[in-house]
Amino acid sequence: MNAFQHLSLQERLLNIEYEAEKHEYEEFSRQIGIHRRIRQGKCWYPVGGGRTFYNALNQLCIEIVNTSADPTLVGDYSQAQKERTLTPSEHEFEPGRPVVFFRTEGDGDRPLFWSWSCQISRVDGMRMLVSIPGTQTAEILREYARLGQLGVQLSFDATSHRVMCEAIHQVLHTDNARLQHLRNVLLGDEHATFRVEQPLSLPWLNPSQQEAVMHVVCAREVAIVHGPPGTGKTTTLVEAISETLRRETQILVCAQSNAAVDWIAEQLLARGISVLRVGNPMRVSDNLLEATYERRYEAHPDYTELWAIRKAEREAIARLSSKHCSGNERHSVQNMLNKLRSHRTELEIRINDQLFAQSRVIACTLIGTSSRVLERKHFSTLFIDEAAQAFEAACWAAIQKADRVILAGDHHQLPPTIKSIDAERQGLGTTLMEYVAQRRPESVRLLTVQYRMHEQIMQFSSDWFYKGMLQAAPEVAHRTVIELDSPLVWIDTSRLGFEEQTNPLSQSKLNTNEGLLLIRTLRDYVRQLGMQRILDEQVDFGIISPYKSQVQLLRKLVRQSNYLKPLQGRITVHTVDGFQGQERDVILISMVRGNDDGRIGFLNDLRRMNVAITRARMKLIVLGDTTTLSCHPFYHNLIEHFSNHGKMIIVEPDPDTEPSPS
């Protein structure tokens, strides 16, 4: 398949995925009532309004408060509705995602949506800040104030699809010689080339990290930093960026998600590198806030004057819209408005140019490269972190703006999230990083020393995914929570008859009995360690399940356990995706699946399981039905690894004892 055929296929698969996402959203909006949407974390209702203001980009911003989080704020909120409320960690509202407002009529469970949507700028618990596009702000404000009780729901977002399709089209039909060359190196028959540089001396890095940095510096078109779990990919990437900036004035750093962009931006700031963060940062630490385009814009010396001009513009527009504005006055106001607009544009260009001139690194999401503040911007080098989680087309949206590209990540960990099974089967889930790594192995450097896990926790992942090339750093290779503790424990539930269930609301799987047993297992291990020791040494725990419904059950059981209350802040319960990039001293995994047919569904995604089993520093405890799971060769070998290198505990049925969370 040549480059043109490959990109044409990507475009076709993107359209299949778009239609699948759109259909899912339409079905969701048509069939599911408000309270079920709340339980799924896609809706807040009712909401109240906080302050309104214009941000540095001259967008109207409204603060939204989820009043269902505190039902006392709502007069006739029923007890049944109170029980349907969610904790802040269980909703899906994130910066950058579009939302739409609605009000209700009739039975109160069917929404009437407003015709416009807006974008989330920031989320803090049960408060969010949304920015509203367009110019009809006065009308929006009046409508917002008039309706009173409102709801807000995640909206269907066509922006990403549009940006990715435009990127594919541009790369297919470009007449830019450099972009043509990059396209043909990454996808076609042209080979990647490398310049010769003097060897770098970076003794604080291990040999594989040093080689990766050197490889990045020498690459003319593309280099890949392949970082398995715990191998210091971010450390290596920051060093590679630093070395690149010794040779170049400014670079572009991107990732698929806001969280990943924020993480790398924070590391660069800590290194003393000037960063301009374009877009919506998910974390709001003071250091990162000061680096955002919006905050830097507001801090510019000319911003006070610009703010006054914008305010005068809005007042002039309001006067022109007034029925009391006469002909002579209208002419005068229009002339004044034209002068204001001209001066405002001049100031905006000056501020924007100065902000970019002062920054060595521009950081944003891949889709964020389509932002108007990055129009006509071009960079010598583009770094894409977590490239193995990004759609290929999203990468091309950013690659258009660069002369060369550095891809960092691990295509044996979390893949992109895809709705269409058909599109995934035809190759949409194969990322650009994975595709180039297969076709251009000379462009890849694997990081081989990991600093997170006990060597027995690491070994299975190393053998299965990385050809046995990983090694544990000496300081972690034999580290355990307590002396002579086994780092690997599998609790086999096959003789207990714990059958999986299906959540009727979400169709997600759960296993109530396995959840209860997991909490009992955690409680027993805490007793073995000693509560005071855990608190003194700050031992932390992670509980993982591939299924959202099981995660919700486990969160509830942890909250209900009186014995575990002193550790509430030291126990994290999340899905595999939620644990990407994280680690804990002790990890417990609930596998959920238990049936007579060997059906494992979502567990077939071995990349996600690779993430799950590599989060633990010192101890990994897995609860699962070996009879169901061992039908798959991956799990058969994983169970054998636990049996040979750890403990295999077969739990026998006890008719006199029921598992209890307390």
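All values below come from the heavy atoms of this structure, side chains included, with hydrogens, waters and symmetry mates left out. What you are looking at is a predicted structure, and each value in this text was computed from that prediction instead of being measured.
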List for me each residue that meets salt bridge (Lys or Arg N to Asp or Glu O under 4.0 Å) alongside Glu21, sequence neighbours excluded, and say none if there are none.
-> none
To the nearest 0.5 Å, atom CZ of Arg12 lies from atom SG of Cys165 at 13.0 Å
Set of ring pair (Phe, Tyr, Trp, His ring centres under 6.0 Å) partners for Trp396, sequence neighbours left out | none
Using modelled atom types only, decide if a donor and an acceptor are shared between the side chain of Thr628 and the backbone of Asn595 within a distance under 3.5 Å.
-> yes
Sequence neighbours left out, what pairs pass salt bridge (charged side-chain N to carboxylate O under 4.0 Å, His left out) with at least one residue falling in residues 408-420?
-> Glu24-Lys419
Between Thr502 and Lys509, is any side-chain donor less than 3.5 angstrom from a side-chain acceptor?
-> yes
Counterpart residues, ring pair (Phe, Tyr, Trp, His ring centres under 6.0 Å), relative to Tyr451 (two or more places apart) | none
Least distance between heavy atoms, Ile589 atom then Ile587 atom = CG1-CG2, 3.8 Å
Step by step, work out the side chain to side chain contact (heavy atoms under 4.5 Å, CB included) result for Cys118 and Ser131.
-> CA-CA 6 Å; Cys118 49; Ser131 58; 5.8 Å; no
Could you walk me through whether Thr365 and Gln256 pass the side chain to side chain contact (heavy atoms under 4.5 Å, CB included) test, one step at a time?
-> CA-CA 6 Å; Thr365 62; Gln256 173 71 10; over 6 Å; no
Residues that Thr381 engages under side chain to side chain contact (heavy atoms under 4.5 Å, CB included), provided they are two or more places apart | Thr244, Glu248, Ile251, Phe383, Arg404, Ile406
Derivation of the ring-ring contact (aromatic ring centres under 6.0 Å, His included) call for His636 and His632 | CA-CA 6 Å; His636 176 81; His632 192 289; over 10 Å; no
Is a donor on one side and an acceptor on the other found under 3.5 Å between the side chain of Glu514 and the backbone of Val592?
-> yes
Considering residues at least two apart in sequence or located in another chain, which fulfil the side chain to side chain contact (heavy atoms under 4.5 Å, CB included) criterion with Gln582?
-> Phe579, Arg584
Mind checking whether Trp464 and Phe634 have parallel, tilted or perpendicular rings, split at 30° and 60°?
-> perpendicular
Which atom of Val217 lies closest to which atom of Arg195, heavy atoms considered | O-NH1, 3.0 Å
Would you call Asp385 and Lys233 a salt bridge, taking side-chain N to carboxylate O under 4.0 Å as the test?
-> yes
Would you find a donor on one side and an acceptor on the other, under 3.5 Å apart, between the side chain of Asn503 and the backbone of Ser508?
-> no
When the ring planes of Phe102 and Phe113 are compared, do they come out parallel, tilted or perpendicular, using 30° and 60° as the limits?
-> perpendicular
For residues Ala437 and His411, report the shortest heavy-atom separation together with the two atoms involved.
-> CB-CE1, 4.1 Å
Counting N and O atoms only, with roles assigned by atom type, does the side chain of Ser443 sit under 3.5 Å from a partner on the main chain of Arg440, one being a donor and the other an acceptor?
-> yes
Got a second to check how far Ile418's CD1 is from Leu13's CG, nearest 0.5 Å?
-> 9.0 Å
About how many Å separate CD of Gln250 and CG of Leu276, when rounded to the nearest 0.5 Å?
-> 8.5 Å
His23 NE2: over 12 foreign heavy atoms closer than 6.0 Å = no
Would you say Trp44's side chain and Gly151's backbone share a donor-acceptor pair under 3.5 angstrom?
-> no
Would you sort out whether Leu603 and Arg593 count as a side chain to side chain contact (heavy atoms under 4.5 Å, CB included), showing the intermediate values?
-> CA-CA 9 Å; Leu603 300 187; Arg593 300 309 294 252; 3.7 Å; yes
Point-to-point distance, once rounded to the nearest 0.5 Å, from OG1 of Thr512 to CG of Leu554 = 9.5 Å
Is a salt bridge present between Arg277 and Glu266, judged by a nitrogen-to-oxygen distance below 4.0 Å?
-> no
Is the backbone of Ser590 close enough, under 3.5 Å, to the side chain of Ser545 for a donor and an acceptor to pair up by distance?
-> yes
Pair Asn15, His161: side-chain N/O donor-acceptor within cut-off below 3.5 Å = yes
Any donor-acceptor N/O pair, Asp625 side chain to Gly594 backbone, under 3.5 Å | no
Name all pairs fulfilling the side chain to side chain donor-acceptor pair (under 3.5 Å) condition that reach into residues 178-190, sequence neighbours left out, sorted by first residue then second.
-> His181-Glu190, His181-Glu221, Asn184-Glu190
Looking at Arg97 and Glu92, what are the two nearest heavy atoms and their distance?
-> NH1-O, 3.1 Å
Check the pair Leu446, Met469 against side chain to side chain contact (heavy atoms under 4.5 Å, CB included), reporting the backbone distance first and the verdict last.
-> CA-CA 9 Å; Leu446 177 70; Met469 296 180 68; 3.9 Å; yes
Only one of Thr431, Leu432, Leu186, Leu382 clears side chain to side chain contact (heavy atoms under 4.5 Å, CB included) with Cys395; which?
-> Leu432
Within 6.0 Å of CD in Glu499, more than 12 heavy atoms from elsewhere = no
Would you name the heavy atoms of Thr231 and Gln450 that are closest together and state the gap between them?
-> CG2-CB, 3.8 Å
Can you name the residues that form a side chain to side chain contact (heavy atoms under 4.5 Å, CB included) with Arg445, not counting sequence neighbours?
-> Glu211, Ala212, His215
Side chain of Glu19, backbone of Ser420: donor and acceptor closer than 3.5 Å?
-> no
Can you name the salt bridge (Lys or Arg N to Asp or Glu O under 4.0 Å) partners of Arg452, sequence neighbours left out?
-> Glu583
Counting distance only, does the side-chain N/O of Thr614 pair as donor-acceptor with the main-chain N or O of Asn610 below 3.5 Å?
-> yes
Using the test ring pair (Phe, Tyr, Trp, His ring centres under 6.0 Å), find all partners of Phe4 that sit at least two apart in sequence or belong to another chain.
-> none
Atom OG1 in Thr369, atom CG in Leu252: separation rounded to 0.5 Å?
-> 7.0 Å
Contacts of Phe379 that satisfy ring pair (Phe, Tyr, Trp, His ring centres under 6.0 Å) - sequence neighbours left out | none
Does the separation of the ring centres of Phe460 and Phe465 fall below 6.0 angstrom?
-> no
Is there a donor-acceptor pair under 3.5 Å between the side chain of Thr236 and the backbone N or O of Gly232?
-> yes
Under the ring-ring contact (aromatic ring centres under 6.0 Å, His included) rule, what do Phe642 and Tyr635 come out as? Steps first, then yes or no, please.
-> CA-CA 10 Å; Phe642 271 75; Tyr635 293 102; over 10 Å; no
How would you list, by chain and number, every residue that makes a side chain to side chain contact (heavy atoms under 4.5 Å, CB included) with Thr575, sequence neighbours excluded?
-> Lys548, Val551, Asp577
More than 12 heavy atoms from other groups under 6.0 Å of CZ on Arg425 = no
Distance in Å, Thr493 OG1 paired with Asn511 CG, rounded so as to fall on 0.5 Å steps = 7.0 Å
